[in-house]
There are 2 protein chains.
Amino acid sequence: MTTADPAPDAPGLDPRRVLVFREVARAGSLSGAARTLGWTQPAVSQHLARLERDAGTALVLRGPAGVTLTEAGRGLLARADAVAAELRAAAGELAALAEARTGTVRLVAFPSAAATLVPDALAALHAERPEVRVGLEEAEPPEAVAQVLADDADLALVFGYDGPPDGLGPLAFTALYDEPVRLVVGPGAGAVRLADLADADWVGGCPRCRGHLVACCEAAGFTPRVQHSTDDYVVVQNLVARGVGVTVLPETALRAYRHDGVRVLEEPALGRRRVGLAYRPGAETVPATAALVAHLRRAASTI
Amino acid sequence: MTTADPAPDAPGLDPRRVLVFREVARAGSLSGAARTLGWTQPAVSQHLARLERDAGTALVLRGPAGVTLTEAGRGLLARADAVAAELRAAAGELAALAEARTGTVRLVAFPSAAATLVPDALAALHAERPEVRVGLEEAEPPEAVAQVLADDADLALVFGYDGPPDGLGPLAFTALYDEPVRLVVGPGAGAVRLADLADADWVGGCPRCRGHLVACCEAAGFTPRVQHSTDDYVVVQNLVARGVGVTVLPETALRAYRHDGVRVLEEPALGRRRVGLAYRPGAETVPATAALVAHLRRAASTI
DNA sequence: TCGACCCATAAGTCATGCTTGGGTCCATGA
DNA sequence: TCATGGACCCAAGCATGACTTATGGGTCGA
């Protein structure tokens, strides 16, 4: 239910004029207000005259030594002060955000990225800008992208195989790094090529990783038997080291943790994994977000 | 101690643009905001672009289906809503004052005027505009004028002899009525002219009334012996009726109360008393004040 | 592939807003 | 007493700013 405007033809008060009136009230004269505004006196006079015309009543009484407020003017001054306070507060908040002195970035990252890259970046960001807060959540790339699309997150740290992930929709993507995918086998295995592992048992990762594995194997002429699945690259290596199966892992996972009992083999047929950030176009210009992106990029370059 | 501006070159947010941004946020798109504002889409786009330039950060992220707010935009929206609420409230208050639906008039009146004129006017005003409040104080003309000059009152009901009162300074004066001053004597007196009362005892009124009496008597060739003084025209007539002395009273005082035991004589030498209103120039345009003035004038015309 | 919707940019025109240069009224001081 | 200065208003000129039209890019859905 919308309340009907009491005056349908009301032009609504021009907020700029209201602030000019506030200066007049504070200075006690039109000339004084003009001086503080850096204007000439007639300019203030015209603004005030039109404001009074819009208001329908006098706001000040002109005297030889300046002006005094009417009842309407006293009431409006209180409102004008509130308006000025809000604008001042808004300007302060915006300045803090613009300088990235403060702000909150909602980051969604895939689980294993949270292992090294994200902690490094967050630590550096916090050291540089202690007031910037980062909300971190873990989600696989498809869910992470969905969260950004739904405006539940600002930044998604995602990966794709041999290129950016798909399903980005209108989101922008910027790569952080690109890494090879390795073949990881047990100590007793003699095979060194993917095609030799048609009869092996496989340990898969997340659904998309498994999909990529299956695609690579089929390109090599067989369909892998995936017996176990886990995201955890420590668990995976323990399984492989004990001969339960073989697997594939990206380079960074192996650099974060390397089990002594596995062999890591180069296998170009497994392609490369591209890790990067997905975000709504323009979000990279938000200062706090830009700061986090910069630190993520720096952390990625040291991997 | 003034706090230094955090950004000395800050242009300060243009409040009009802030309200435009608010419409964008509420509509969810620039085009939608343009429609509700009755503008074209580029107009809104330019306003928002400049506001973002002034703010130093993006406020919305442009998407193919509209815009979504950034953190800065969400913060600014809250402030903008507060600004809009203040402006709306101010407009409502001003409208009520402009229509004289409400308002407060501070009236200072000389004591005997409060007897008939002021009550009549206040009753009529209250019947017509029950929300308009009148603060009534009693004071003799010089004090009443001083109160208006000091902005402690809006309207002074004052009188002067043979013209407006003096000491008005920059105040405006408008006459309400003009009345003769009568000679009031006891029942036994045979004299009918002022000059015959050189040896009588006199009852005086307020200081200025006494001054006028003395001036008239001196013009008639004698200095009156003023033995008693009271403002109250009932008391005065009682004193005169009992032969304590003679006095002068304005016509309205005699119409408000007439003691049977006094004789009232016309005496042109006593001049006339002019009753009117003193006010700061422009104050008569304030709607509530204008309404009171109109009712005072109407009440005066029926005297 | 087309059309509908979103947005940005460029250029033009018109209105607004500020300035300059008058003028009046009051107060103050020589 | 008159002159000065400070307050305000009014009228006119002019430049800035704001809104318009016109155009182009982009995404989504039919």
Side-chain angles (χ1 to χ4, degrees), chain A residues 11 14-21 23-25 27-54 58-70 73 145 148-149 151 166-173 278 280-283 285, chain B residues 11 14-21 23-54 58-70 73 149 167-173 280-283 285:
Chain A
D14 184 331
R16 289 181 48 187
R17 297 191 214 281
V18 170
L19 294 185
V20 170
F21 159 77
E23 291 303 323
V24 170
S29 71
L30 305 206
S31 314
R35 280 189 291 271
T36 69
L37 289 169
W39 292 352
T40 58
Q41 175 267 321
V44 178
S45 176
Q46 290 165 21
H47 272 291
L48 187 59
R50 180 143 171 201
L51 182 64
E52 288 182 315
R53 207 176 63 78
D54 290 345
L59 299 172
V60 302
L61 296 183
R62 279 81 167 166
V67 297
T68 62
L69 299 187
T70 64
V145 164
V148 173
L149 284 171
D151 199 20
D166 24 53
L168 288 177
L171 297 188
F173 178 82
R280 312 171 75 80
T285 70
Chain B
D14 184 332
R16 289 181 47 186
R17 298 192 214 283
V18 170
L19 294 185
V20 170
F21 160 77
E23 290 303 324
V24 170
R26 298 175 73 83
S29 70
L30 304 207
S31 312
R35 280 190 289 272
T36 68
L37 289 168
W39 291 353
T40 58
Q41 172 264 321
V44 177
S45 176
Q46 291 164 20
H47 272 291
L48 187 58
R50 181 145 172 201
L51 182 63
E52 288 182 315
R53 205 175 65 79
D54 291 344
L59 299 172
V60 301
L61 297 183
R62 279 78 167 168
V67 297
T68 62
L69 298 187
T70 65
L149 283 170
L168 289 177
L171 297 188
F173 178 83
R280 313 171 75 80
T285 70

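Residue numbers begin at 1 in each chain, while the letters A, B, ... track the order of the sequences. The figures that follow rest on heavy atoms only: side chains count, while hydrogens, waters and symmetry mates do not.
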Distance check: side-chain N/O of B/Arg62 vs OP1/OP2 of C/dA8, anything under 4.0 Å?
-> yes

Under 4.0 angstrom between A/His47 side-chain N/O and C/dT16 OP1 or OP2 | no

Does B/Arg50 reach the side chain of B/Asp54, with side-chain heavy atoms less than 4.5 Å apart?
-> yes

Taking CG from B/Leu30 and P from C/dA8, how many angstroms apart are they, rounded to a whole number?
-> 5 Å

Using only side-chain N and O atoms of A/Arg16, determine if any of them is under 4.0 Å from OP1 or OP2 of D/dG17.
-> no

Starting from P on C/dG17, measure out to CZ on A/Arg53 and report it in whole angstrom.
-> 11 Å

Starting from P on D/dC28, measure out to CG on A/Leu168 and report it in whole angstrom.
-> 12 Å

To the nearest angstrom, how far is B/Leu37 atom CG from D/dT20 atom P?
-> 10 Å

Residue met sooner reading DNA chain D from 5', once A/Gly28 and B/Arg17 are mapped to nucleotides | A/Gly28

Could you check B/Gly32 against B/Gly169 and say which one's nearest nucleotide on DNA chain C is further toward the 5' end?
-> B/Gly32

Is the phosphate of C/dA8, meaning OP1 or OP2, less than 4.0 Å from a side-chain N or O of B/Ser45?
-> yes

Would you tell me if any nitrogen or oxygen in the side chain of B/Ser31 comes within less than 4.0 Å of OP1 or OP2 on C/dC5?
-> no

Which protein N or O atoms sit under 3.5 Å from an N or O of nucleotides 28-30 of chain C?
none

Report yes if the side chains of B/Leu51 and B/His47 come closer than 4.5 Å at any heavy-atom pair, otherwise no.
-> no

First encountered from the 5' end of DNA chain C, between B/Ala65 and B/Ala49 = B/Ala65

Rounded distance (nearest 0.5 Å) linking atom CD of B/Gln46 with atom CZ of B/Arg17 = 9.5 Å

Any A/Leu61 side-chain heavy atom under 4.5 Å of A/Val67 side chain = no

Roughly how many Å is it from CG in A/Leu48 to C1' in D/dA7, rounded to a whole number?
-> 14 Å

For A/Asp54 and C/dT16, what is the distance between atoms CG and P respectively, to the nearest whole Å?
-> 12 Å

Looking only at side-chain atoms of A/Ala43, point me to the closest of C/dG17, C/dT19, C/dC6.
-> C/dT19

Stepwise side chain to side chain contact (heavy atoms under 4.5 Å, CB included) check, B/Leu48 with B/Leu30 = CA-CA 9 Å; B/Leu48 187 58; B/Leu30 304 207; 3.6 Å; yes

Does a side-chain N-to-carboxylate-O contact under 4.0 Å join B/Arg62 and B/Glu52?
-> yes

Nearest-angstrom distance from the residue atom CG of B/Leu149 to P of C/dA27 | 10 Å

Below 4.5 Å, heavy atoms only, C-beta onward: do A/Ser31 and A/Val44 meet side chain to side chain?
-> no

Please determine if a side-chain N or O atom of A/Arg50 lies less than 4.0 Å away from the OP1 or OP2 oxygen of C/dT16.
-> no

Please determine if a side-chain N or O atom of B/Arg35 lies less than 4.0 Å away from the OP1 or OP2 oxygen of C/dC6.
-> yes

For atom CD of A/Glu52 and atom C1' of D/dC8, their distance in whole Å = 13 Å

Under 3.5 Å, N/O pairs linking protein and nucleotides 20-26 of chain C:
none

Look at all strands and tell whether A/Arg280 reaches a base, only sugar-phosphate, or nothing, counting heavy atoms closer than 4.0 Å.
-> nothing

State, yes or no, whether a side-chain contact exists between B/Pro15 and A/Leu19 at a heavy-atom distance under 4.5 Å.
-> yes

Hey, are the side chains of A/Leu59 and A/Leu69 touching, using non-hydrogen atoms and a 4.5 Å cut-off?
-> no

Hey, does A/Asp14 have a side-chain heavy atom less than 4.5 Å from the side chain of A/Val18?
-> no

